[in-house]
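Encoded as structure tokens, the structure appears first; notes follow it.
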Protein chains: 2
Amino acid sequence: MGTVRPDAQRRAGRPPQGVLSRTRITGAALELIDEAGYDGLTMSALARRLKVAPSALYNHAASKQEVLRWLQDHVMTMVDFSAFATEPWADAVRSWAWSYRGVFARHAPLVPVIAVLPVTDAADTLRMYEEVARGFLAAGWPEDRVVPAIVALESFIYGSALDVSAPSDIFDSGALAGEFPLFTSAVRSSTGSGGNAADAAFRAGLEGLITGLDKQLAD
Amino acid sequence: MGTVRPDAQRRAGRPPQGVLSRTRITGAALELIDEAGYDGLTMSALARRLKVAPSALYNHAASKQEVLRWLQDHVMTMVDFSAFATEPWADAVRSWAWSYRGVFARHAPLVPVIAVLPVTDAADTLRMYEEVARGFLAAGWPEDRVVPAIVALESFIYGSALDVSAPSDIFDSGALAGEFPLFTSAVRSSTGSGGNAADAAFRAGLEGLITGLDKQLAD
DNA sequence: CTCACTAAATGAACGACGTTCATTTATTTC
DNA sequence: GAAATAAATGAACGTCGTTCATTTAGTGAG
């Protein structure tokens, strides 16, 4: 009897073929974030986009935290670490770090999530670490110093990713400028020289880290 | 007629002497965090501790965000930057950075707040920046490179503070260990050598940054 | 083939949280 | 002394993450 109603609401009960999956949820979450930012990423909005009731999500993800974990692992695939296979260590680190920061600057709210979340079962994330570790070892790093060095670089990268999303006038001392003349003047003279402030800080720190770590290796 | 009832509930209307203030709200928030962590820091819990209705808080703070801003500024006073007045640049940076990281490791949830929040009207925060800037200038840093260097150090410090609050088994590759042998082995050999993993990474990165930045200055 | 079991959807409901608003009372200002 | 402002109460709201009973479809054992 009933004709097919394409946009009709789904009846209750298990649908003929699966509607949801980790992949589809992660994809929808990414689209949502691009359109509405992380504030727009709510379980309801996610469900709406997937044309599903919010509670249906909980048949696949145990919590919103888990969705964020999937997201983090997926976002990690956007980081370009290919240079470790071809370039010398310093160049590879430089290219990897810029890519890494760029990706997470657009996903700053994930940073606190990542930093605290175990990497277990995050295959894509582990893939990156494996290749980066290979690059360090190939450059002659002793095995026991590889992970601390990577963690140090990552800490800098995460902090810098947060810094990118800061407003450009973050250091505006406002009415208190008179009380803090040295700093106020230094802020002016660094922004005055053109170019993005966050980029300048990242470049300075990254180059410092690269030469500093390299020097540690020589000792 | 009515005897004084010390623990009686307050009547509506403005009380004879002020009950709330920025200082008292910030203090109560800190106590609350110490006892119940940042998850326990809700406007209701804050109000309860101050023996006040939740809505009363909004006569003083425009939002919870503003309370966090106060908190951030207050927490900043716990950072010890006194070494800039007495020690040589590298030693001062080292001592400041360790203190800074230590403080914010205990206040990791503030990190994303800080990184995005303008410093305007945060007098205590500006006080620190002023003194740090003075130290850099005294060490011969050109004015236009002071702020990028400070921001680079801060980015590293914030990222490292997040790292401290990560679980120690964050790099446990679990069932996937077989697929990523180099990284898995490197993780084992770095944790095996005793000592705190986060501390080792922070030390490596900080020393790298200090020598790297110092070298940039020489050029 | 059938029957139990499991997977996956709906929709109603909950509790917590941040926040707003009308109201009341005290203090400050003119 | 009157008017304006500051600061409290208490009720209410909307959103969000999450749970649960219910319904339906696929799956596997005998």
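- Rounded to whole angstrom, the span from the CG atom of A:L50 across to the P atom of C:dA8 amounts to 15 Å.
- Separating the OH atom of B:Y58 from the C1' atom of C:dT20 is a distance of 9 Å, rounded to the nearest angstrom.
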Would you tabulate the pairs of protein nitrogen or oxygen atoms and nucleotide nitrogen or oxygen atoms of nucleotides 12-14 of chain C closer than 3.5 angstrom?
none

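- Atom CG of A:L20 and atom C1' of C:dT10 are 12 Å apart (whole Å).
- Between A:L41 atom CG and D:dT15 atom C1' there is a gap of 14 Å when expressed in whole angstrom units.
- Taking 4.0 Å as the cut-off between side-chain N and carboxylate O, A:E35 and A:R49 count as a salt-bridged pair.
- Geometrically, B:R127 does not engage A:F180 in a cation-pi contact, judged by NZ or CZ lying under 6.0 Å from the ring centre and within 45° of the ring axis.
- Classified by interplanar angle (parallel below 30°, tilted 30° to 60°, perpendicular above 60°), the ring pair B:Y129/A:F183 is parallel.
- Put simply, OH on B:Y38 is 23 Å from P on C:dA16, counting in whole angstrom units.
- Contact annotation: B:H60 side-chain N/O to D:dA6 OP1/OP2 distance is not under 4.0 Å.
- Taking the six-membered ring for Trp and the full ring otherwise, A:F81 and A:Y100 have centroids separated by 6.0 Å or more.
- If you take CH2 on B:W70 and OG1 on B:T26, they are separated by 6.0 Å, rounding to the nearest 0.5 Å.
- Residue B:K51 contributes atom NZ, which lies 12 Å from atom P of D:dT9 at whole-angstrom precision.
- For A:L57 and D:dC20, the CG to P distance is 17 Å, given to the nearest whole Å.
- Taking 3.5 Å as the limit, the base of D:dA8 and the side chain of B:N59 contain a donor-acceptor pair of atoms between them.
- In the set C:dT19, D:dG17, D:dA7, the nucleotide with an atom closest to the side chain of B:S63 is C:dT19.
- Rounded to whole angstrom, the span from the NZ atom of A:K64 across to the P atom of D:dT19 amounts to 15 Å.
- When distances are taken from the side chain of A:A53 to each of C:dA9, C:dT10, D:dG17, the shortest belongs to C:dT10.
- Of the candidates C:dG18, D:dA8, C:dA8, the closest approach to any side-chain atom of B:M43 belongs to C:dG18.
- Taking every heavy atom of both residues into account, B:L162 and B:A108 meet most closely at CD2-O, 4.0 Å.
- Taking CZ from B:R94 and CG from B:L209, the interatomic distance works out to 12.0 Å, rounded to the nearest 0.5 Å.
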